[in-house]
Amino acid sequence: MTRLPLVVLAALLLAPSTAFAQVKIGVINSMTGPQAPIGENLTNGIKLAEEDLKAKGISVQLVWEDDTGKPQVGLSAMDKLATRDRVAGVVGAYTSAVTNAVAKKAEEYKVPLVNPVASKEEITRQGYKYVFRVSATTGDYASILLDMATTLGKPKTIAILSENTDFGVSGAKSAKAYAEKKGIKVVFEEAYSPGSPDYRSTLVKVKGSNPDIMFMVSYVADAITLMRQSRELQLTPMAFLGAGAGFSTAQFASEKNISNSVFSSTQWTPDVSWKGSKAFGDRYQKRFGKEPTYHAANAYTAMMIMGEVASKAAGDREKVAAGLRAGNWDGLFGPVKFEDFDGYQNQNKHQMLVEQVQDGKYATVWPPALQSGKPIWPFPGWK
Amino acid sequence: MTIFLQSLLSGILIGGAYALIGVGLTIIFGVMRIINFAHGDLVMLGMYASYFLFTLGNVDPFVSIVFVFPLLFLFGAILQKTVINRVLNALPQNQILLTIGIGLILSNTMMLLFTSDYRIISTSYSSGSFRLGEISVSTPLLLSFGITGLVTAILYWFLLKTDTGQAIRATAQDRDAAQLMGVNVKRMSVLATGLGAGLAAVAGALISPTYYIFPQVGQPFTLKAFVIVVLGGMGSVMGATVGGIIIGATESLAGAYISSGLKDLVVYVLFLLILLFKPAGLFGKSRV
Amino acid sequence: MSETDSPILDIQHVSKQFGGLAANSDVSFSMTEGMILGLIGPNGAGKTTLFNCITGYYPPTKGDVIFKGKRLNGMTPDQVCKLGMVRTWQKVRPLAKLSVIDNVVVGALVRTGSVPEAREIAREQLHVVKLAHKADFLAGGLPIGERKKLEVARVLATKPDLLLLDEVMGGLNPAESEDIIQLILEIKQRGLTQMVIEHDMKAIMRISDRIVVLNSGEKLAEGAPLEIVSNPEVVTAYLGEAHT
Amino acid sequence: MPPRTRTRTRARGLSAFSIVAFIAAVVLLALFPKFVENPYAVHLMVTFFLAVIMGEAWNLIGGYGGQYSVGHAAYFGIGAYTVLVLLQTNGVAPWWGLLPALALALGVAAIVGSITFRLRGPYFVLASIAVAEIFRLVALNWKSATNGAEGILLSGVPPIVIGGTEIVNFSSKVPFYYMGLALAVLTVLVTVWFQGSKLGYYLQAIREDQDAANSLGIPLTFYKNIALMISAFFTAWAGALYGLYVGFIDPQTAVGLDISVQIVLTAIIGGIGTVFGPVVGAAILVALSEALRSNAITDLLVAGGLVSETSSIGIFLKDHLSHAHMLIYGFLVAIVILFMPDGVLGAVNNAARRRRARAAAGGAR
């Protein structure tokens with residue numbers, strides 16, 4: 001009786017996986033747990049990719065694994081995918097923490113891993129041969145914004161406010177380094193604990209430091225809280241710059257009276273002039289009832305690439321890896337190619353975008369070549 | 001000085017909502033001696049209730065409390081009668097685990113039903129403010145603070161002036177003695193849980209226009225409520241009211257003068273110090 | 001210092017206040033080795049409070065407790081127990097989820113680090129209180145009479161010099177009470193000193209060498225059983241018409 | 001708890017059956033990697049061992065001593081962080097780094113214990129949570145030592161080399177398997193020793209009634225402290241093992257409240273205050289959470305032909321069952337608490353005891 005769980009455990013370990021009919025691809029994503037709200041965008045993007053692959057006559061079987069936002073669970077998922085499900089490759093994971101752990105395993109198992117959105121720089125700087133990343137890296141979020149800011153205006157001081165998480169802290173770090181390189185003085189820097197209903201005491205201090213531009217790294221809803229309270233306190237720098245995440249969601253944009261004129265760096269927008277972007281946006285909206293975030297586009301792209309390569313290689317992992325290394329793609333995410341540069345391996349050199357909320361909608365305003373609207377600079381003040 | 005006054009004011013205003021959450025927890029603890037680890041999830045339910053009333057019924061979140069309170073009161077009462085009641089005499093660790101389990105069930109049920117999307121209530125006043133000299137005062141916060149004061153006043157009236165309220169207080173002070181004096185302790189437990197859930201939900205509804213809503217939003221509120229309740233003295237309604245405001249102000253001032261990343265640390269250290277040097281809390285009777 | 005002239009326990013002017021309430025005020029008496037002292041008084045007279053003060057459960061507000069020549073003030077119950085004074089509880093406190101013998105083993109372990117040795121001691125004590133046949137039962141499942149015996153066995157296992165028994169006959173039927181009386185007398189035979197709180201007057205008259213009467217926290221009278229019975233103050237204040 | 005009437009307890013120590021079964025299980029487990037090379041299986045077993053170690057360690061202070069710490073993540077984190085920081089930034093080999101990690105855990109436990117053990121019941125529970133949260137926040141904000149929220153990514157565990165020959169290479173899971181197994185067996189043996197020792201008796205007395213225990217000559221804080229230190233020692237060891245095994249830690253995954261709760265669940269679902277309760281709890285929780293997370297239940301239904309994968313039910317299960325695993329987890333906790341308050345092992349033992357009692361009554365007739 002007491003051994004029953006052990007029997008279940010044994011059954012779990014030894015149960016034969018279902019027949020080897022078609023090419024299998026693993027998906028590791030945060031479907032439950034604190035990261036689930038964003039994880040869901042990835043799930044949706046991958047579901048659309050699955051449909052499009054099928055439409056192209058490519059039939060792959062997806063094996064979904066939930067990492068619950070925890071690295072050790074991600075490891076468990078990777079072990080299972082690599083050895084029990086014998087997948088041809090894996091797409092995932094969402095968070096940098098899980099991806100760190102999973103990438104190491106992928107390399108050990110020689111299972112090609114295409115990472116959609118984890119942006120921590122180190123991930124593709126470990127000399128891995130089987131880890132590929134579609135996503136831009138943390139530093140890119142800051143540099144595109146500051147490039148734009150220094151072109152449009154002459155900011156001399158910057159305040160950097162970030163949430164005290166991996167994403168926030170590493171974003172702030174790269175922003176600081178890049179600002180100093182550009183000769184902008186950092187007059188305020190603080191990492192806050194996310195999820196608080198009250199940031200006023202922090203924002204009052206920001207106001208006291210009187211920065212020309214304000215740079216923020218925040219997840220979804222904190223971005224709204226921060227901007228609401230900035231308005232309350234009448235914080236008026238030359239520009240509010242947000243590093244993706246919370247600042248590039250439809251929800252944020254729709255809060256016009258606080259989000260208008262806020263800039264955000266992002267990896268993708270529905271109105272960028274890459275081919276198929278708009279159609280993807282409309283389709284996503286219709287299917288899931290909300291606008292897609294860049295996470296969805298990243299995940300879609302990662303899965304499309306993995307699906308095509310894996311089916312061409314008939315599931316052979318070495319061939320999949322070789323195919324990923326050799327190929328280049330062009331779709332709604334712009335050109336994708338996995339290259340070695342600046343200490344990275346198999347890293348896509350992605351063109352970042354800057355979007356700005358204009359009248360409750362995002363307009364892609366930077367770089368000029370890809371813009372759908374002109375940037376409004378400087379911040380026109382609160383209404 | 002501006003920084004000090006601004007932080008103090010917004011801390012106190014936020015503290016009002018914390019106080020309601022704490023009062024709910026302290027009533028449940030007082031009457032049943034159970035620490036409710038699902039308390040934050042009750043706040044979460046209140047937020048969702050207010051959200052749907054707003055989006056579907058166009059009911060203002062501040063008005064919604066007249067629906068949210070009875071709804072969650074009923075929920076709490078049913079929860080007590082069907083589940084919590086069974087562990088009233090169980091070991092304390094089993095009671096704690098049961099409420100942890102209830103919390104998991106609540107937040108994950110909401111996730112299955114409504115996905116884990118963040119939801120925002122945007123009222124016309126959500127980011128409104130007015131100026132008071134150098135300080136700006138958030139309109140919704142001030143409103144919610146006023147309503148909190150009103151709710152607290154009604155609660156005090158209920159606890160002090162009505163027979164049922166006095167019976168609840170008697171049970172909270174000494175369950176055995178209350179029973180000997182003919183108080184229907186079982187009924188008081190049901191009422192207390194309902195009341196605690198209702199108050200937590202009202203707090204959730206009041207925070208909702210300035211905050212955001214998702215299934216896991218509750219946990220930080222659970223921890224905060226523990227701190228508040230211990231600070232004020234477990235079982236003391238007055239203590240929780242004052243404790244909530246103190247914690248709100250402490251957080252805000254710590255954010256201004258130490259670092260916003262460290263404000264939780266300050267709160268926990270304060271919590272430990274209270275536990276060690278004044279375990280009965282500011283307003284509690286010593287029963288450690 | 002010869003054993004006969006120095007008291008084993010000397011209580012000097014002990015007072016205990018809770019807030020403004022005096023539970024004991026200026027209580028003094030002493031005990032010599034081997035005696036049984038009965039502590040009586042109406043409900044709320046401060047008997048149990050005095051026990052708590054003596055055994056270190058809380059310190060007296062004023063006054064001294066001197067045991068075997070040592071001043072106990074400020075000592076914790078475990079230190080007091082190690083010195084050789086141990087008490088039972090009015091409301092019995094068995095370690096419910098432990099077996100009967102394990103309850104007694106816990107008491108015995110204060111004198112030895114060896115569990116087997118403690119088991120030996122525990123077995124002996126269970127024989128003394130006639131509970132050996134229940135050794136492997138859960139303590140929480142015993143009927144009240146046996147729980148009281150278990151309390152006694154448990155404190156005996158700590159090898160005390162002085163036992164403080166708080167209403168060990170409370171709630172027992174006459175036969176069970178008689179068992180306990182015999183047990184107390186047997187313990188006396190072994191040379192142990194005992195202080196007994198009891199409501200059953202007949203029993204206390206039978207077993208006590210000396211009686212102290214508390215009333216409203218103060219010592220009302222002290223003397224041999226016969227003196228107490230004939231003391232008019234005691235009769236009016238406490239015994240009243242109930243004692244004939 | 002209502003007293004269980006007149007039930008006879010078994011004599012202390014383990015029955016001959018348990019001893020034989022335990023030895024057999026250990027031998028089988030020791031041979032397991034020789035036959036099963038599947039890393040996924042090995043990984044699940046390592047996870048299982050870690051849960052056993054932590055559950056057994058908590059059981060000493062929580063199960064036997066009745067001091068329900070919901071803050072053991074602090075010790076887990078101390079183990080993981082000390083070893084990984086020393087290895088990653090100072091290049092100290094983990095087996096040397098383990099010594100200061102364990103010493104630190106002992107020291108911290110002694111300090112935390114002497115502060116918080118003055119508190120009883122719910123106050124102690126809340127204090128333990130606060131202490132663990134303080135440690136998490138320190139790990140989050142003490143960036144120079146812990147690298148803050150970004151965490152520590154281990155670049156590799158150096159092999160053990162003696163006299164130029166490589167003894168153990170940590171690139172496979174097997175060394176971790178054996179370390180986990182050895183430590184799990186060690187904690188079980190420590191628990192067996194503990195249960196029969198003066199320390200174990202005293203802790204159980206404290207659990208049952210602190211005042212009574214105190215009056216019988218037990219210095220409460222001292223003995224609680226000793227038990228907490230042993231418990232912290234093994235929890236920190238598990239933390240170190242976890243950090244080395246996963247190769248990445250950050251404040252949330254190494255010192256988060258989740259870990260504390262998980263540890264308590266393992267012990268309580270299995271059955272506290274028993275030698276094998278945490279083992280049973282670990283087996284149930286690891287198997288269940290993995291089965292739910294990985295959709296194994298749906299897969300089994302499909303494989304067993306009960307549900308077609310392409311049918312609407314199959315698709316619904318696949319879509320929702322894995323999302324629902326925390327929900328099912330919640331229900332499991334509630335069910336165990338409501339219907340098996342002594343844990344699963346406790347419930348099984350009680351049932352067996354009742355059966356024996358019935359059989360004995362039947363025989364007497």
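Just so it is clear, the model here is predicted, and its values are computed rather than measured. Chain identifiers are assigned alphabetically (A, B, ...) following the order of the sequence lines, protein sequences preceding nucleic acid strands; residue numbering begins at 1 within each chain.
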Are more than 12 heavy atoms, taken from residues, nucleotides or ligands other than C:K82, located less than 6.0 Å from that residue's NZ atom?
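For C:K82, atom NZ is crowded (more than 12 foreign heavy atoms under 6.0 Å).
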Engaged part of [X] at the chain D interface, taking heavy atoms whose separation is under 4.5 Å:
{"X": "C:T88", "answer": "neither"}
{"X": "C:V115", "answer": "side chain"}
{"X": "C:R111", "answer": "neither"}
{"X": "C:T55", "answer": "neither"}

So which of C:A139, C:P77, C:G56, C:P94 has the largest heavy-atom pair count under 4.5 angstrom toward chain D?
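When all of C:A139, C:P77, C:G56, C:P94 are compared, C:P77 has the most.
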Pick from C:N103, C:T76, C:V105, C:V155: which one has the most heavy-atom pairs with chain D under 4.5 Å?
C:V105
Return the minimal non-hydrogen interatomic distance between D:K198 and C:L109, and the atom names on each side.
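For D:K198 versus C:L109, the nearest heavy atoms are NZ-O, 2.9 Å.
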Among residues 213-228 of chain D, which residues come closer than 4.5 Å to chain C, judged by heavy atom distances?
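Within residues 213-228 of chain D, near chain C: D:N214, D:S215, D:L216, D:G217, D:I218, D:P219.
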Could you state the interatomic distance from CG (C:L95) to OH (D:Y201), rounded to the nearest 0.5 Å?
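The distance works out to 11.5 Å.
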Distance (rounded to the nearest 0.5 Å) between C:L98 CG and D:R207 CZ:
6.5 Å
With a 4.5 Å cut-off on side-chain heavy atoms, are D:Y202 and C:V110 touching?
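SC-SC contact between C:V110 and D:Y202 confirmed.
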Compare all side-chain heavy atoms of C:R93 with those of D:E208 and state whether any distance is below 4.5 angstrom.
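They are not in side-chain contact.
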Suppose a student defines contact as a heavy atom less than 4.5 Å from any heavy atom of chain D. Which residues in residues 173-188 of chain C would they list?
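Within residues 173-188 of chain C, no residue comes under 4.5 Å of chain D, counting heavy atoms only.
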C:K97 and D:D342: salt bridge (charged side-chain N to carboxylate O under 4.0 Å, His left out), yes or no, with the steps?
CA-CA 12 Å; C:K97 284 194 164 186; D:D342 291 331; 3.5 Å; yes
